[in-house]
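Reading through the structure tokens given below for one structure.
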Amino acid sequence: MASKAGDAAILSNLNPAQQEAVTFWGRPLLILAGAGSGKTKTLTTRAAWLISEKGIPPQSILLLTFTNKAAGEMKDRIAKLMDPKDAYPPFAGTFHSFCAKVLRRDGKFIGLSSNFAIYDTSDQQDIVKTIIANLGLDKSLKAPVALSMISQCKNELVSALEYAEFTRGEFQKKIAKVYLEYQRLLKESSALDFDDLLTETVKLFKTEKDVLNKYRNLFQHILVDEWQDTNKAQYQIIKLLTGRDHNLTVVGDAAQSIYKWRGADYRNINYLQVDFPDLKTINLEQNYRSTQTILDAAHGVIKKNRSHPILQLWTNNKKGEKIKLYQARSELDEASFVTEEIVKLTSKNKQSKEYSDIAVLYRTNAQSRVIEEAFLHRGIPYTLVGGVKFYERKEIKDILAYLRLVANPKDSVSNKRAEKLGKTRFANFCQLAEKIMSDEGRVLMDKKELTTLDLLDKVVQTTKYLEFFDQKNEDDLARLENIKELRSVATEFPNLFEFLEQVALVEAAQSPKNSESSNNGKVTLMTAHSAKGLEFEVVFIVGLEEGLLPHSRSLMNQEELEEERRLVYVGITRAKCLLYLSYAQKRLIFGQRGSSMPSRFLGEIPNHLFESSALVGIKKNNYELYDIDF
DNA sequence: CGACTGGAAATTTTT
DNA sequence: TTTCCAGTCG
């Protein structure tokens, strides 16, 4: 009874299309959800509905996302929608964390030990650098290049052996050699990289039918977020897991696909229709976020893309204010325009905005500097999204190397790192590690009498790691502060293996300390990429110039140009009520002052949406050189 | 091995 | 301009 009433309440908050998406039953479902159309709400409500209305046990639902943040939000929202008697919400996690769980449990069937290490990008670089040196390959082959080729292969499920077999030409031959050696070393270290988590899961599911069936039976319903961001490996995992019942729900929007360069393939939306002929598609096109003016601008841009379907968003919101375009003389002028507008917007009057309502978006991180300087001058508080990640800091990686080595003595990258920190140090550490991993230590760990925090402190103590730091040095104090922060993460995960999983797969918030409280009352500066999934009252998109947005690297290629266009689309649709666009006629790039043309994307926004007709000339620009199709 | 230096390069980022 | 890296020197 309570469930019935709750259910009606749940559905009453939804528009007809959302309701249909929540309650659709019996066939695989593709929800094409436009920006700001209530995608998360729909997906979470569907999960809650499956539980309360269809009696699906929560543990039979698998909800996959791309970021831990999204997973966390989904979990929270489902929990709020659920009847308290249903106890715990379904598993919601990233593809990678799900795969890691599967492989820890059942990887033994394909020769993985359950304590495998997970190598991050810098671990990968370490290995590849030594490989290039050891194989005597010439140094023109850079580790990042080799790695990105290897990663591409893995995204496409091409193994090292297969690659070596079909490869042609000098360059590819070299990559093949590195790839083979790289896989050998990973195996020797009992380690997987991020891509391996996916590809090994595919391998496991393909070769071990019993294991696959176990998971098929376990997960009666699979829901996937951001389908346009899946790569081939992820697609395969879903296809394999979706058993006979085809109880699959995916949500996506091709127009927001901006990660092709790291393997995402929005065409997975189309492939779905081939693999599941009985697929039902529901469009969510009502937008709850932006003014009609902003939506019209976004649509004007995105409709130029030819290679994917485009949703026509509409809203009941007001038409809203016109879009403000500023032609700056230079990047400095642009920065002061943004600054002055923010001062005006936030000055005390009835309509004034909070700093936290405002975001400034740009194409490249380097663009933030000028803006930051202008903000500092004017005393505008801001937070910069991006920068050195917490777990990438040297002091953190050092300590983690010791701890990883305790958990997996074969881990060669951690071993090398630990050795580098000093011979005596390492010798002392090894003694300690032996004691910990003795039967006695194991028992203590199992009994939870030897926690991650205990281990961390013991390691720091025996290695005298803190001797590296000077209490009077400001930078060193910050590093000590980071170590304290790591200790507090350790408190949350008393089991060493769970702790290591956490730090490998979950990026800590920028600076864990001040993420919550002090993010308030600040303007957000970030790339358009990072803005995906977020929304702000006021959005500035700066640097709308040919060569910057679209970026010069994408001008030669139609596919990439369309991705740049999607990036602009994503940027524009972040704005709820006010949108500012700007470009600089002259800009300092790599210390050189160059002049640039306004971005073609500005010309694609209908002229009447702009505040004044500042646009004369933009439409006239000649892009035929690059834009053969348009 | 670590600090210095000269030259080349210079998106986007999560797991 | 800044940043990163390879090569060199102490």
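Throughout, protein chains are lettered first and strands after them, A, B, ... in sequence-line order, and every chain is numbered starting at 1.
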- Message: Can you tell me which nucleotide in B/dT15, B/dT12, B/dT14 comes closest to the side chain of A/K389?
- Response: B/dT14
Give a yes/no on whether any side-chain N or O of [X] is located under 4.0 angstrom from OP1 or OP2 of [N].
| X | N | value |
| --- | --- | --- |
| A/R262 | B/dT15 | no |
| A/N365 | B/dT11 | no |
| A/K532 | B/dT12 | no |
| A/S530 | B/dT13 | yes |
| A/R553 | B/dA10 | yes |

- If the P atom of C/dC5 is compared with that of B/dT12, how far apart are they to the nearest Å? 15 Å
- If you measure from the C1' atom in C/dA6 to the same atom in B/dT11, how many Å do you get, rounded? 24 Å
Return the value, rounded to whole Å, for the distance between atom [atom1] of [X] and atom [atom2] of [N].
| X | N | atom1 | atom2 | result |
| --- | --- | --- | --- | --- |
| A/M556 | B/dT11 | CE | C1' | 17 Å |
| A/L147 | B/dT14 | CG | P | 18 Å |
| A/F590 | B/dA8 | CZ | P | 16 Å |
| A/K142 | B/dA8 | NZ | C1' | 9 Å |
| A/Q502 | B/dT15 | CD | C1' | 12 Å |

- Task: Check whether the side chain of A/R363 and the base of B/dT12 form a donor-acceptor pair under 3.5 Å.
- Result: yes
- Message: For a quick check, tell me whether the side chain of A/T121 and the base of B/dT15 share a donor-acceptor pair closer than 3.5 Å.
- Response: yes
- Would you say A/K420 has more than 12 foreign heavy atoms packed within less than 6.0 Å of its NZ? no
For [X], which contact category applies under a 4.0 Å heavy-atom criterion: base, sugar-phosphate, or nothing?
| X | answer |
| --- | --- |
| A/R566 | nothing |
| A/N68 | sugar-phosphate |
| A/D120 | nothing |

- Message: Return whichever of A/H529 or A/K423 has its heavy-atom-nearest nucleotide of DNA chain B closer to the 5' end.
- Response: A/K423
- Do the two ring centres, one from A/Y465 and one from A/F469, sit under 6.0 Å apart? yes
- Query: So, A/H96 and B/dT15: ring centres less than 5.5 Å apart, planes less than 30° off, yes or no?
  - Reply: no
- Query: For A/F66 and B/dT15, are the ring centres under 5.5 Å apart with planes inclined under 30°?
  - Reply: no
- Query: Run the salt bridge (charged side-chain N to carboxylate O under 4.0 Å, His left out) check on A/K154 and A/D193 step by step: do they pass?
  - Reply: CA-CA 10 Å; A/K154 291 185 179 180; A/D193 66 21; 2.7 Å; yes
- Query: When you look at A/K532 and A/D229, which way does the salt bridge (charged side-chain N to carboxylate O under 4.0 Å, His left out) test go after all the steps?
  - Reply: CA-CA 12 Å; A/K532 196 175 146 198; A/D229 284 340; 2.6 Å; yes
- Task: Just say parallel, tilted or perpendicular for the rings of A/F98 and A/Y215, cut-offs at 30° and 60°.
- Result: perpendicular
- Message: Can you tell me which residue among A/R417, A/E392, A/K397, A/K389 is in a side chain to side chain donor-acceptor pair (under 3.5 Å) with A/S122?
- Response: A/K397
